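Down below is the structure, laid out as structure tokens.
Proteins get letters first, then strands, A, B, ... in listed order; numbering begins at 1 in each. All values derive from a computational prediction rather than experimental measurement.
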2 protein chains.
Amino acid sequence: MNCLRLFQDFRFKSNLFILKEELPQFNSTFSIDCVIFGFDGGELKILLIERNEEPFKDWWALPGNLVRANESLDQSASRILNELTGLGDIYMEQYYTFGDPDRHPQGRVVSIAYYALLRLGGDKALKPISTYAKQAHWVNVKDLPKLAFDHQQIFDKGLEKIKRRIKHQPIAFELLPEKFTLTQLQNVYELILGKKLDKRNFRKKMLSFGVLRDLDEKQKGVSFRAATLYRFDKRKYAKLFGKEISF
Amino acid sequence: MNCLRLFQDFRFKSNLFILKEELPQFNSTFSIDCVIFGFDGGELKILLIERNEEPFKDWWALPGNLVRANESLDQSASRILNELTGLGDIYMEQYYTFGDPDRHPQGRVVSIAYYALLRLGGDKALKPISTYAKQAHWVNVKDLPKLAFDHQQIFDKGLEKIKRRIKHQPIAFELLPEKFTLTQLQNVYELILGKKLDKRNFRKKMLSFGVLRDLDEKQKGVSFRAATLYRFDKRKYAKLFGKEISF
DNA sequence: ACATTTACTGTGTTATTTACACTAACTCTG
DNA sequence: CAGAGTTAGTGTAAATAACACAGTAAATGT
């Protein structure tokens, strides 16, 4: 024991050698992986790609890519999302970094995970413009296939994160079209939180925040009674920031 | 515009060349930086080192180091904390990754930030065992010097994080000795949250959680009335997990 | 014993959360 | 066009949690 201590002291003071296991990680790369949530037809979905390259060729995976030399992580995430979906100007947030030494079979790749929330359906079609994927699909979060790498873990942590965040920040609106009904908004909350909410309490609380603008306009093209449409009022949201919203 | 589009299509389909700006980041390294909070003598402090190497030689900086080839990020954080303080078995958590391309003047270093909370004073002395720092000091968070790199930013984000976390998880106890008084506990909350709390409400709420065990024991060696000592009861904490604690 | 310092305690007020069920409006069908 | 079917929309009472607030108790030192 004393011997080991002496050895260590010598090592640090002499600065002459380094143990192999102490070598830092060189020649590594890092990537961004995105958990991209979408809401459509009452289902919460995420975007998956079918890989066209080894490793994990033909497996489903989260969309992701390597970070370039001269871009920041946030810039990189935006670029990658844009390349994979054709979309820009989306609320994205870094939430965790995954770096197990063996998470990638071909060498060390530390992956910085982001999530994004976006409105599906109708107006904006997805136009992926990259060849590293055979195809991209929206998949219901309740029905995920086996994922490549540690992507299941990355997804789990991402879902956990937005569960917490939806109570503090108006991220639910990012999933909805500009004009939406209170029932649609409640659906989003219920899907993300994974539980039913009381309709009256939900509406009471949502309206009490004063961040919804009643558009004096009704849904069109629906069977049965049409609901009032609302729009999210970003300016009024400022005061609300950071407060807990419980359901 | 059409021309650009055609060019892009060709680029993706032919797969023959790559634009320089599209090169991924190779030969990069990553590091861990730690914001290590300590509580001592009524002050909230963090551990800083005075750098002994370029760049930023002689500047104060957060303790941090490069990740090794065969360790996970969490392992790396624990190792680095241990090397810098001699301590182990500390609650640590990854909270953000900083990766601006120019955050390190000598090349790209993506840094994964962790925070740790630890009890100071008395029993365990700090024994840093590394030469890359001239010295390590505990510095009051209210009185930080200019920090190297983007470490001020890393610190700010870390403080923000534990402000939020202290309301959900019993991290305050990590800062205190095993036996502590309610007044000490309140001090920790007040320092982290940066505001005064009402004594009666604080005690009422803390005791109502049922995670404190009254030790039937009093402080010793203090002038004036001695306070009752408590211990944190980990088992009873389980039910509390995840609930918001507001002050 | 007296001054000093910190520990400790309770109540009333207000705001928030929760639980709970019926009517209104519209559409479709026969 | 009447009636069935479906979703939109609304209020109240009880329980719980948050907040504001001040004096007594216990120990020490002089």
Polar atoms only, N or O, under 3.5 Å: list the protein pairs with nucleotides 12-15 of chain D and their distances.
residue, atom, partner, partner atom, Å
D:dT12, O4, A:K204, NZ, 3.0

Item to check | A:W60 and A:H137 aromatic ring geometry - parallel, tilted or perpendicular at 30°/60° bounds | outcome: tilted
Next on the checklist: I need the CG-P distance between A:L197 and C:dA19, as an integer number of Å.
Outcome noted: 11 Å
Checklist entry - Any ion pair linking B:K134 and B:D58 (charged N to carboxylate O, less than 4.0 Å)? => result yes
Checklist entry - Roughly how many Å is it from OH in B:Y230 to P in C:dA7, rounded to a whole number? => result 12 Å
Checklist entry - Taking atom P of C:dC8 as reference, at what distance in whole Å does atom NZ of B:K205 sit? => result 20 Å
Item to check | Partners passing salt bridge (Lys or Arg N to Asp or Glu O under 4.0 Å) against A:R200 (at least two apart in sequence or in another chain) | outcome: none
Item to check | Residue pairs, two or more places apart or on separate chains, that pass salt bridge (charged side-chain N to carboxylate O under 4.0 Å, His left out) and touch residues 135-158 of chain A | outcome: A:R103-A:D150
Next on the checklist: Ignoring hydrogens and geometry beyond distance, is a side-chain donor-acceptor pair present between B:H151 and B:Q153 at under 3.5 Å?
Outcome noted: no
Next on the checklist: In whole Å, I'd like the distance from the CZ atom of A:R203 to the C1' atom of D:dG11.
Outcome noted: 14 Å
Next on the checklist: In this structure, how many angstroms lie between the P atom of D:dA8 and the CZ atom of A:F180, rounded?
Outcome noted: 14 Å
Checklist entry - So, is B:R200 close to the C:dC8 phosphate, meaning a side-chain N or O under 4.0 Å from OP1 or OP2? => result no
Checklist outcome for this item: Residues A:Q94 and B:T97: closest non-hydrogen pair is NE2-N, 2.8 Å
Next on the checklist: Using the side chain to side chain donor-acceptor pair (under 3.5 Å) criterion, which residues pair with B:S223? Sequence neighbours excluded.
Outcome noted: none
Checklist entry - Looking across every strand, which nucleic acid part, if any, lies under 4.0 Å from B:T181 by heavy atom: base, sugar-phosphate, or nothing? => result nothing
Checklist outcome for this item: Rounded to whole Å, CG of B:L182 lies from C1' of C:dC8 at a distance of 10 Å
Item to check | Separation of atom NZ in B:K220 from atom P in D:dT28, rounded to whole Å | outcome: 12 Å
Checklist outcome for this item: Paired with A:F173, the ring pair (Phe, Tyr, Trp, His ring centres under 6.0 Å) test is passed by just one of A:Y230, A:F180, A:F209, A:F39, namely A:F180
Item to check | Residues in salt bridge (Lys or Arg N to Asp or Glu O under 4.0 Å) contact with B:R51, at least two apart in sequence or another chain | outcome: none
Next on the checklist: By the 4.0 Å heavy-atom rule, please label B:T183 as base, sugar-phosphate, or nothing.
Outcome noted: sugar-phosphate
Checklist entry - Rounded to whole angstrom units, what separation is found between the NZ atom of A:K167 and the C1' atom of C:dT17? => result 13 Å
Item to check | Reading 5' to 3' through nucleotides 22-30 of chain C, protein heavy-atom contacts under 4.0 Å coded B for base, S for sugar-phosphate only, - for none | outcome: --BBBSS--
